[in-house]
Amino acid sequence: PAEQSRPILKTPPFNDVVFVIQSQKNSYHTHRAEQRRTELLHQAQTLNQVVLHYTFSKMQFCYILVPLVFSLASQYCQTSLWIVFLEEETNVNLHNLLQVLSKFNTRKEWFLGRPLHDDEPTIIHHYAFSEDPSSFSYPDFMAGWALSCPLAKRTAERVNYEPPKSDFTIDLQHEIALYIWEEGRGPALTVVNEFCSELQRLSSTGDCATTINTFLSACGNPVQKEDVFVAVKTCQRFHGDRVPLVKQTWEKDAASLEYYSDFTDPYIPTIHLGVPNTERGHCQKTFAILKRFASGVVTQAPWLLIVDDDTLISLPRLWRLLGCYDPNEAVSVGERYGYGLSRDGYSYITGGGGMVFSRVAVQNILAGGCGCHSSDAPDDMVLGMCLTTLGLPVTHSPLFHQARPQDYVKELLARQSPISFHKHWNINPVAVYQHWLKEPNQRRAHSLTKTREEL
């Protein structure tokens, strides 16, 4: 899971800086993390100021499991002064970064990063600091963040007797900041302006220690629209309100799509899989969809997308994302949450944001004997348990969203091309789709059509 290079150079004031590149367990993400590692090594060879160890983690748990992150920190801090955490999208100017770190007394506890804060209470942060959500800052992981080793070691010790309290891992950057802050007993995030959120190509990044790449690297051509089969879960109760919104917004982009309901409606049309509707969970329905897809009777497409009837999604952006992945691998991708990770839990793809599976992944799930312990068991969590049991990766993409746009930090959304959002509560779904998910050329086409109709 982790490997360490030999020390290269040594000059005061630093004995060691450890880099942890947070990656994921499939060929695309492994390649991107290796690129980051190679770039760091190349820069290190041109400097004679510091001994550098490089920690390259291929474990998806490094992304979401607090105890493991700090276990790594504890291990390497026996001989180190700083732990710097990077993501695949984080570019590093090593000279500038070392200059930044040299400003801080390494005998003290430091938690460094670029600050984010919530403008309003949000469900993804359990409505924390509801009276003044902007009062709490947490690091922008994509811009990089750092811990001094005194803080890393103390926190690692604390994990052993006081693990994170919440069973669910939703937004690690917020949850880690809360854990370190320790209700005011620990340090708050120290703002470091040189951890930059600007794109690398901008001219204003000369003093930056870090910058970011746009999330989607050039992966070649998008997959064909015919390569993605779309399954929409609905029920008779929502045939009259949610389904028309799907048809009004994104359905037309799908080459092959079916609605699965508890009632056969020839006008939509819907398909009844012989599974009764449940108020929540929908596990039995989802497994019936997996079996229908795997049978090959309806489609031979290499990719399956399962969404709710209140999911808003951009299929063209999904096609571009899937161009990064090998359909011959067991790929499961979406917004990843975690459950019980501090006690041998599992990761899972949130159903509302959309769950994408390669045909190989679906075949593995069904062949592995996975199933529902009840018809209303939470389908996404059951699938997460199944994938974990089978040793198959659960791949996170920040472009999928389980909640509404207003539930996320505006700065993060502004640098994305989001793929999905979920729920119609207190929003205009059509307006959200038009603003956040519709491609610019689609907007122009819509505007021209509207103008012609008005004329």
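In what follows, residues are counted from 1 in the order of the sequence shown.
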Does [X] have any salt bridge (charged side-chain N to carboxylate O under 4.0 Å, His left out) partners at least two apart in sequence or in another chain, and if so, which?
{"X": "D380", "result": "none"}
{"X": "E411", "result": "R114"}
{"X": "K247", "result": "E251"}
{"X": "E162", "result": "R158"}

Run through V394, I170, T169 and flag the one making a side-chain contact (heavy atoms from CB on, under 4.5 Å) with R336.
-> V394
From V18, I176, I180, residue fulfilling side-chain contact (heavy atoms from CB on, under 4.5 Å) relative to L147 = I180
Heavy-atom distance under 4.5 Å between the side chains of [X] and [Y], does that happen here?
{"X": "P393", "Y": "Q24", "answer": "no"}
{"X": "F85", "Y": "F141", "answer": "no"}
{"X": "V20", "Y": "V84", "answer": "no"}

Charged N to carboxylate O below 4.0 Å: is that the case for D140 and R415?
-> yes
Can E439 and R320 be counted as an ion pair, charged N to O under 4.0 angstrom?
-> yes
Can you name the closest pair of heavy atoms from G354 and I349 and give their distance?
-> O-CG2, 3.7 Å
For this output row, return yes or no: ring centroids of Y337 and H396 closer than 6.0 angstrom.
-> no
Distance flag, aromatic centroids of H272 and F263, threshold under 6.0 Å | no
Can you say whether the rings of F136 and W181 are parallel (under 30°), tilted (30 to 60°) or perpendicular (over 60°)?
-> perpendicular
Aromatic plane relationship, Y138 with H125 - under 30° parallel, 30 to 60° tilted, over 60° perpendicular = perpendicular
Is it the case that more than 12 heavy atoms not belonging to I123 sit under 6.0 Å from its CD1 atom?
-> no
Pairs satisfying ring pair (Phe, Tyr, Trp, His ring centres under 6.0 Å), at least one member in residues 285-320, at least two apart | none
Is a side-chain donor or acceptor of Q402 paired with a backbone partner of G352 at a separation under 3.5 angstrom?
-> yes
Mind checking the CG-CG spacing from L290 to L383? Nearest 0.5 Å is all I need.
-> 6.0 Å
Would you list the pairs meeting salt bridge (charged side-chain N to carboxylate O under 4.0 Å, His left out) in which at least one residue belongs to residues 347-375, sequence neighbours left out?
-> none
